[in-house]
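Below you'll find the structure, written out as structure tokens, and then a few comments.
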Protein chains: 2
Amino acid sequence: MAGKREQNREQNRLALIGAVLDSVAEKGISETSVSEIIQRAGLSRGMIHLHFGGKDNLVQAAAHHSSEEYYDGLEALLQTAGDSPQERIEMIVRGDLSERVLNQRNVNIWYAFRGESRNRTAIAEHSDTRDGRLRGMIHNAFSRIVREAGTPDASGAARDATHGTLALLEGMWTDFLLHPDRFDRKEAARIIFRFLAAMFPAHFSLAGAIRPQQGQGAAPAAPAASDS
Amino acid sequence: MAGKREQNREQNRLALIGAVLDSVAEKGISETSVSEIIQRAGLSRGMIHLHFGGKDNLVQAAAHHSSEEYYDGLEALLQTAGDSPQERIEMIVRGDLSERVLNQRNVNIWYAFRGESRNRTAIAEHSDTRDGRLRGMIHNAFSRIVREAGTPDASGAARDATHGTLALLEGMWTDFLLHPDRFDRKEAARIIFRFLAAMFPAHFSLAGAIRPQQGQGAAPAAPAASDS
DNA sequence: TTAGAAAATGGACAATCGTCCATCAAAATC
DNA sequence: GATTTTGATGGACGATTGTCCATTTTCTAA
């Protein structure tokens, strides 16, 4: 077992990272000073230098941690999904729009880091990483759909669907950032599935319900109030 | 005539705003200090307090200026477009993705301010304003399209199309922010028009060309290399 | 129980931040 | 040309920034 010593050490490391994320979410990056961080963490001034070698490294570690958390959550969600590509995509979309992932805190953190990513190279990388992994997951699913459907321009269609879905999700996050009060998760999901249903009518319907083996295009406009 | 006095005054005001935007685009908000600003503007330290009463007000004015510039550009573009709603929407989409609007500098500025908008109330407002005006323009056009087409759920379709188009544009901007090198304007436009063609096959085609009075769905995949 | 090692503390430190004002320069008015 | 008015200057100022280290505290191993 890890000694009490190392255990405390790790605990303090995480306390610092958590303090940074809390501060960034509440006050923004520009007001996240060393004083603010150590006050939130309830630790002494020297801890930052001791554990991370400097504030910049700590902020970078916090960005990385936040990114991992986001992605791990999405992956966990994916494992509860079925094997069909439709199910996987629907799970990603709904997961990315769920309250657990898309909430005030995460959005604030995400956009704060994005805004600074121009300079801090390391922070930009964490955005890239997330982006890359997520893109891969979605693209895999669409590739399977396209292959099954025998679409003419297969690779192009899968790429466009991936690109479009990601762009729509990004746009919805921005929407949430700017209008957290009037944001409507169901509406956001509906619009994305409208896009997917238009591209793959045999696999998605407007209501967002999966239609595994049928080929109809039209669907009732009334959404079933089944999820949060 | 404005006296030489007032003329210089205004010129210096703009120089300060320009210096802020340059610095934000190049170095980011956190490195945009008073010293940095006055050095870029080639003016003296006291000017910021004299003209704006403080750094925060200057930054806010710069954000406002940038927003106005963006929007005026888009409006000017719109006036060169025809009256048909399809033309107006296509103009907005292509304009928003054009090099004049969507470029490294503007993206950096835009996302830097977004990242800090959580705290600086005034900066958040400028995002809201832009968003509101743009949304209104797009929604008007889609409302007309929906009315002409006699779509069943008219208001819902127009709202969804507006929301989806805006979200896609936002997503494309994010894409550009994260991957300025491999970003492809034509691909971005194609995906958005794919979405629009799916929703309104009588008004938009996949290639992005407007089809004013026809009702066909399929279109050649080869895009005409006509715009930047 | 003691000696050693490692972690944590908190203040000193130089550097930089944004604000403000006494002073100066120049345009406008008489 | 003399005087008033106003924009512009740049350094002084206190506050705050992040870094770092001498010291203390705490856990571990002998």
Side-chain angles (χ1 to χ4, degrees), chain A residues 1-24 26-63 112-113 116 119-123, chain B residues 1-24 26-63 112-113 116 119-123:
Chain A
M1 289 305 93
K4 192 174 179 182
R5 199 159 207 124
E6 192 178 346
Q7 193 174 335
N8 260 25
R9 187 183 156 88
E10 187 58 20
Q11 182 179 322
N12 287 338
R13 244 188 76 99
L14 290 178
L16 285 174
I17 288 178
V20 169
L21 294 178
D22 285 345
S23 175
V24 167
E26 282 180 38
K27 308 250 188 131
I29 275 200
S30 67
E31 303 214 21
T32 298
S33 63
V34 167
S35 303
E36 178 76 27
I37 295 166
I38 56 110
Q39 186 183 339
R40 282 176 186 267
L43 296 172
S44 64
R45 205 163 184 72
M47 291 292 271
I48 291 176
H49 180 256
L50 177 66
H51 282 290
F52 297 93
K55 187 200 169 192
D56 280 1
N57 289 340
L58 167 56
V59 171
Q60 172 183 342
F113 284 141
E116 281 290 281
N119 318 320
R120 324 266 174 173
T121 316
I123 292 185
Chain B
M1 287 296 94
K4 192 174 180 183
R5 199 153 206 131
E6 193 179 345
Q7 194 174 336
N8 260 26
R9 187 185 155 88
E10 187 58 20
Q11 182 179 322
N12 286 337
R13 244 188 76 98
L14 290 178
L16 285 174
I17 288 178
V20 168
L21 294 179
D22 285 346
S23 175
V24 167
E26 281 181 38
K27 309 250 187 129
I29 275 201
S30 67
E31 303 213 22
T32 298
S33 62
V34 167
S35 303
E36 178 76 28
I37 295 166
I38 57 112
Q39 187 182 338
R40 282 176 186 267
L43 296 173
S44 64
R45 207 165 183 69
M47 291 291 270
I48 291 176
H49 180 254
L50 178 66
H51 282 290
F52 298 92
K55 187 200 169 191
D56 281 0
N57 290 340
L58 166 57
V59 171
Q60 172 183 341
F113 284 141
E116 282 288 281
N119 318 318
R120 323 267 173 173
T121 315
I123 292 184

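Order of the sequence lines fixes the chain letters, A, B, ..., with proteins taken first and strands second; residue numbering starts at 1 for each chain. All of these numbers come straight from a predicted model, not from anything done at the bench.
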> Between D:dG18 atom P and A:Leu16 atom CG, what is the distance in whole Å?
Replying inline: 14 Å
> Rounding to a whole Å, what distance do you find between B:Lys55:NZ and D:dT16:P?
Replying inline: 15 Å
> Which part of the nucleic acid, if any, lies within reach of B:Asn12 when heavy atoms closer than 4.0 Å are counted: base, sugar-phosphate only, or nothing?
Replying inline: sugar-phosphate
> Toward the 5' end of DNA chain C, which comes first, B:Asn8 or B:Ile48, by nearest nucleotide?
Replying inline: B:Ile48
> If you round to the nearest 0.5 Å, how far is CZ of A:Arg13 from CD of A:Glu6?
Replying inline: 11.5 Å
> Under 4.0 Å: is that the gap between some side-chain N or O of B:Ser35 and OP1 or OP2 of C:dG18?
Replying inline: no
>> Distance check needed: C:dG18 C1' versus A:Glu31 CD, whole Å only.
In response: 14 Å
> Under 4.0 Å between a side-chain N/O of A:His49 and OP1 or OP2 of C:dA8, yes or no?
Replying inline: no
> Considering only heavy atoms and no angle criterion, is a donor-acceptor pair shorter than 3.5 Å present between the side chain of A:Arg5 and the base of C:dA7?
Replying inline: no
> Starting at CE of A:Met47 and ending at C1' of C:dG10, how long is that distance when rounded to a whole Å?
Replying inline: 12 Å
>> Please report the distance, rounded to the nearest Å, between CD1 in A:Ile38 and C1' in C:dG10.
In response: 9 Å
>> What is the distance, to the nearest angstrom, from the CZ atom on B:Phe52 to the P atom on C:dT19?
In response: 13 Å
>> Please compare A:Thr32 and B:Ser44 by the position of their nearest nucleotide in DNA chain D and report the one closer to 5'.
In response: B:Ser44
> When we call it a touch if two heavy atoms are under 4.0 Å apart, what does B:Arg45 touch: a base, just sugar-phosphate, or nothing?
Replying inline: base
>> If you define the side chain from C-beta out and look only at heavy atoms, does anything of A:Glu10 sit under 4.5 Å from A:Leu14?
In response: yes
> Could you walk me through whether B:Ile29 and B:Phe113 pass the side chain to side chain contact (heavy atoms under 4.5 Å, CB included) check?
Replying inline: CA-CA 8 Å; B:Ile29 275 201; B:Phe113 284 141; 3.8 Å; yes
> Given the rule in the side chain to side chain contact (heavy atoms under 4.5 Å, CB included) test, do A:Arg40 and A:Lys27 qualify, once you have shown the distances and angles that lead to the verdict?
Replying inline: CA-CA 12 Å; A:Arg40 282 176 186 267; A:Lys27 308 250 188 131; 3.8 Å; yes
>> Using a heavy-atom cut-off of 4.0 Å across all strands, would you classify B:Leu50 as base, sugar-phosphate, or nothing?
In response: base
>> In whole Å, I'd like the distance from the CD atom of B:Gln7 to the C1' atom of C:dA27.
In response: 12 Å
> What's the CG-P distance between A:Leu14 and C:dA7, to the nearest Å?
Replying inline: 15 Å
> Does the pair A:His51 and A:Arg9 meet the rule for a side chain to side chain contact (heavy atoms under 4.5 Å, CB included), with working shown?
Replying inline: CA-CA 9 Å; A:His51 282 290; A:Arg9 187 183 156 88; 3.5 Å; yes
